[in-house]
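Data first, discussion second: the structure below is written as structure tokens.
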Amino acid sequence: MAFESLTEKLQNVFKSLRGKGRLSEEDVKAALKDVKMALLEADVNFKVVKQFINSVTERAVGQDVLDGINPGQMVIKIVNEEMTALMGDEVTELSFRPGKELTIFMLCGLQGAGKTTAAAKIASRLKLKSKKTLLVACDIYRPAAIEQLKRNGEKVETEVFSMGTDVKPSVIARNAVDYAVKNNFNVVILDTAGRLHIDEDMMDELVDIKNTVDVHETLLVVDAMTGQDAVNVASEFNEKIGLDGVILSKADGDTRGGAALSVKAVTGKPILFVSNGEKLDQIEPFYPDRMANRILGMGDVLSLIEKAEQAALDRDEEKDKKMVSRLKKGKFDFNDYLESLSAMRKMGGLSSIMSMMPGMGGKMPDLDTDESALKLKRTEAIVLSMTPEERENPKLMNPRRKFRIAKGAGLDIAEVNRFIKQFEQSQKMMKQLPSMMGKFGGKRGKFPF
Amino acid sequence: MAEEKKEKTGFFARLKSGLSKTRNGFVNGMDSIFKGFKSIDEEFYEELEEMLIMGDVGVNTTNVLIEKLRESVKKNHVHEPSECRELLIESIKEIMSPPEDAYSFTDEKTVIMVVGVNGVGKTTTVGKLASRMKESGKKVLVAAADTFRAAANEQLTRWAEKAGVDIVSSKEGTDPASVVYDAVTAAKARNVDVLLCDTAGRLHNKKNLMDELAKMNRIVDREYPGAKRETWVVLDATTGQNAVHQAREFNEAAHLNGIVLTKMDGTAKGGIAIAISSELNIPVKYIGVGEGIDDLQRFDCDEFVTALFDVSDSKED
């Protein structure tokens, strides 16, 4: 669905945009239309999308297009940067009270958001940090919620405090904190009942807890699959009880988690954790850039851009120009071949490049299998066994030389013959297809396959 | 039927009070569009599109609805934006109308599998359905085939006690298929009318969990061939576009023939129900508008759409 199709859609945009040096307004609009659709399909809130698209347009129009990528990809690069900026650039960690002071976290959220599971997961993480944690069952409504927390507590070897279902949550919290202080706990995690953000009484209950005990951080658990409503939920919780951070749960579906972006945009509160599985250790810090990629469904193209940027840094401009002009004249020798081989390596091997190309993903046979890697290594050995003269002038080849090369490369002469023949063919192809070189935008497409 | 009669009384009131928050957000926006525009122009369509997308109707379905509206505007020579309201309601109704035999399971021996992703309210739904069906005079058995989540068993046991129905359950960690087997055997032996199976929450992209679901289905097929089979996916109304995906995957693994839409009492607009009905042609059968045991209601699309759009409707109040 939307997942793969964004890459495909953008490929079409790329086609029409190829080969321009500067981003025009039309380019940007065309590329952003698909980005907008992708964001909406990812359940990013409509208003957030609108605002976001506007700011990207503003920044993108008139930008120079980077070497090695095309205008469409350039737009995506800007989109990604803006999105990362919107989500926060850094990983935010839980903060604790200094020294031996007790730190209290309160988890809240809608029903079924995954609070109880998240509580246990955080406890298991804190265990690794050698914090002594007390889980507190403040959900007195859902049948068996306390049992669930107890079971989970057992699994992560963390003590669970509960007082049954007949005591007010704020009283439970009070007693739990007293108990924690007495028994030298470092952290208390209050697992509260799921509630609707529009349910005044239930929201008051949370305020009540906060007034009773000194909550250090209030964390909202948000289901990654939430739709447009995520914004309302988050802003209500933030307004009524005040939030310090967000935990994104159930991020292991194929959902793109647009809710994360919406929540961050509306509340400005950092996302601390991503919880992604039923196992109680499946929780990890939130990496804004990764989530940006995920929401766009564009991770692959982005890493391609990154790699192209990196490779571009390593390149010698002059050499490039020389090579392009040589290629145009059909002068492609074994030295060029060697170089393109190493350039390709820098970008992560043939199959990784191919799979990153929009539209190619999944359609390529696996090129980095041992066999093809071996083959590449062999052809490299063949070229390396040539003398400098031979490399420069492929026409020098004769049976004697070939025999020597085969010996030097430790290969059968048949393989040397095959390679040279292949090379000659691609030389011819190079003459005929100067336009093919534009595949990566400009100068990069000189690989003779 | 007793169940039906009960449903009529107070359905409107309950649905409307449950939906009131939903309705306010949605309808106010809708009305400001229908009343605020003087002519049917591109800007009008754009605003409408925005509203629908904000309601989780999804890009695709929104496009379908808007296209339909454009067509009928042309065909019927409509000039007033306010007239578009009826047209839009009509096309949503068209999409959502359930087939005639949607509730025929109430007359036969039935096995209902309740599936869905984690945290959508499956166990609660099973509890509420059990209580409803019991009240309408059915002999009900529930099976706690969620052997994975900590204390899911206990949760369902509480509901079963509340509803006054029997439960078949097993220890945490046992093969859910064996629970289903036991439940089917018990259902046959006790001449049960409706067997409700609560299953573990599973993400639709976890292949072995989906296989496990298929296995449960095979067991019911084999052990209870005479029973009517219903498989319902429970969806949280706050879920976004991913719900379409979920429903599609579940449909492939377990052939769905109904949707239960829960948590419609938030500010979520439940537009996702329209999207799923439109894209997958699976009718919404029940809708949950609150936490009370009676707050799970048969889904009536006419009433749903009317209640969703019409603030001043008072004919049933």
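Chain letters run A, B, ... following the sequence lines, proteins first and then strands; every chain starts at 1. From a predicted model like this one, the values you see are computed outputs, not experimental measurements.
- No salt bridge links B:Glu49 with A:Lys36; every basic N to acidic carboxylate O contact stays at or beyond 4.0 Å.
- We find the CG-OG1 distance between B:Asp236 and A:Thr226 to be 7.5 Å, quoted to the nearest 0.5 Å.
- Across B:Glu154 and A:Ala144, no two heavy atoms sit closer than the pair CB-CB, 3.6 Å.
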**Prompt:** After noting the C-alpha distance and the side-chain angles of B:Thr238 and A:Met225, does the key distance pass the side-chain contact (heavy atoms from CB on, under 4.5 Å) rule?
**Reply:** CA-CA 8 Å; B:Thr238 56; A:Met225 285 182 275; over 6 Å; no

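- Residues B:Asn118 and A:Lys250 share a closest heavy-atom pair of O-NZ, 2.7 Å.
- For chain B, the nearby part of A:Leu110 is the side chain; its heavy atoms alone come within less than 4.5 Å.
- In terms of heavy-atom pairs under 4.5 angstrom with chain B, the leader among A:Pro143, A:Gly194, A:Gly114 is A:Pro143.
- Residues A:Glu147 and B:Arg158 are paired through a salt bridge, judged by an N-O separation under 4.0 Å between the basic side chain and the carboxylate.
- For A:Lys47, the parts lying near chain B are the backbone and the side chain together; criterion is any non-hydrogen pair under 4.5 Å.
- For the residue pair A:Gln228 and B:Ile53, the shortest heavy atom distance occurs at CG-O, 3.3 Å.
- Open room surrounds NZ on A:Lys150; 12 or fewer heavy atoms of other groups in view lie less than 6.0 Å from it.
- The distance from the CD atom of B:Glu50 to the CZ atom of A:Phe46 is 4.0 Å, given to the nearest 0.5 Å.
- Rounding to the nearest 0.5 Å places OG1 of B:Thr239 at 9.0 Å from CG of A:Asp43.
- What you find for A:Arg151 and B:Ala150 is that their closest heavy atoms are CB-CB, 3.4 Å.
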